[in-house]
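Quantities reported herein were computed from a predicted structural model and do not represent experimental measurements.
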Amino acid sequence: MITVDEKGGILIARLTSEDRFNALIADRVKDMLLSYYATPGTKLVFDLEGIKFIDSSGFGVFLSLMKAANNSNGKFKICNLKPDVMELFQVLQLHNVFDIYNSFDECVSSFKEEQ
């Protein structure tokens with residue numbers, strides 16, 4: 001369902017064998033990823049490559065992760081959105097709320113620019 005890898009002090013979360021981020025998996029994903037923010041300063045990238053649809057439960061997970069990151073002096077970023085998924089972010093006016101990057105490499109590089 002979800003994998004989390006580490007690269008240079010940055011956690012990279014990816015949904016596996018899923019192309020929809022919806023209520024069926026949202027709670028499990030949220031619980032797992034929120035646990036990483038128990039460590040202050042955690043940097044997490046959610047790579048949405050391959051995701052074709054996100055429902056309100058999925059967006060709720062993103063908001064929870066952003067709040068947890070802010071509360072623990074951490075970072076939360078999103079990358080690799082398909083055009084249809086980006087359109088959902090724009091319709092909901094969330095494209096200005098989250099740090100969203102076109103590619104994984106661009107997203108990871110952004111952490112270096114912030115230092």
Look up atom CG in D19 and atom CG in L48, then write down how far apart they are to the nearest 0.5 Å. 12.0 Å
Looking at every non-hydrogen atom in both residues, tell me the closest pair between A26 and V61 and how far apart they are. O-CG2, 3.5 Å
Over all heavy atoms of both residues, which pair between L15 and E18 is shortest? Give the atoms and the distance, please. CB-CB, 4.3 Å
Any heavy-atom pair between the side chains of T16 and I2 that's under 4.5 Å? no
Looking only at non-hydrogen atoms, find the nearest pair between R28 and L24 and report the distance. NH2-O, 2.9 Å
With side chains defined as the heavy atoms from C-beta onward, is the minimum distance between F46 and I51 less than 4.5 Å? no
Spell out, as yes or no, whether a donor-acceptor pair under 3.5 Å connects the side chain of Y37 to the backbone of K75. yes
For atom CG of D55, is the number of surrounding heavy atoms from other residues, nucleotides or ligands below 6.0 Å larger than 12? yes
Where do K43 and E114 land on the salt bridge (Lys or Arg N to Asp or Glu O under 4.0 Å) test, with the steps shown first? CA-CA 12 Å; K43 298 174 185 173; E114 292 174 353; over 6 Å; no
I100 side, atom CD1; L94 side, atom CG - distance, nearest 0.5 Å: 8.0 Å
How are the rings of F98 and F76 set to each other: parallel, tilted or perpendicular (split at 30° and 60°)? perpendicular
Shortest non-hydrogen pair, S64 vs L34, comes out as O-CD2, 3.7 Å
Might you work through the side chain to side chain contact (heavy atoms under 4.5 Å, CB included) test for F62 and I54, ending with a clear yes or no? CA-CA 11 Å; F62 297 142; I54 301 171; 3.7 Å; yes
Nearest-0.5 Å distance, NZ of residue K52 to CG of residue L88: 14.5 Å
When rounded to the nearest 0.5 Å, the distance separating CD of E6 from OH of Y36 is 10.5 Å
Are the side chains of F53 and D84 in contact, using a 4.5 Å heavy-atom criterion? no
Give a yes or no answer on whether the side chain of S17 reaches the backbone of M1 with a donor-acceptor pair at less than 3.5 Å. no
Joint cluster assignment, M32 & V45, ILVMFWY side-chain distance < 4.5 Å: no
For N71, I'd like to know if atom CG has over 12 heavy atoms of other residues, nucleotides or ligands within 6.0 Å. yes
Taking the side chain as every heavy atom from C-beta outward, state whether S57 and N22 have any atom pair closer than 4.5 Å. no
Is the shortest heavy-atom distance from the side chain of I12 to the side chain of F104 under 4.5 Å? yes
Heavy atoms of other groups near Q90 CD, more than 12 under 6.0 Å: yes
Could you tell me which non-hydrogen atom of M66 sits nearest to which non-hydrogen atom of V97, and how far apart they are? CE-CG1, 3.5 Å
With heavy-atom distances below 4.5 Å as the criterion, would you say the side chains of I78 and F89 are in contact? yes
Once rounded to the nearest 0.5 Å, what's the spacing between atom OG1 of T42 and atom CD1 of I10? 11.5 Å
Group every Ile, Leu, Val, Met, Phe, Trp and Tyr by side-chain heavy-atom contacts under 4.5 Å, then state whether V108 and Y101 land in the same group. no
For S103 and E106, indicate whether the former's side chain and the latter's backbone hold a donor-acceptor pair under 3.5 Å. yes
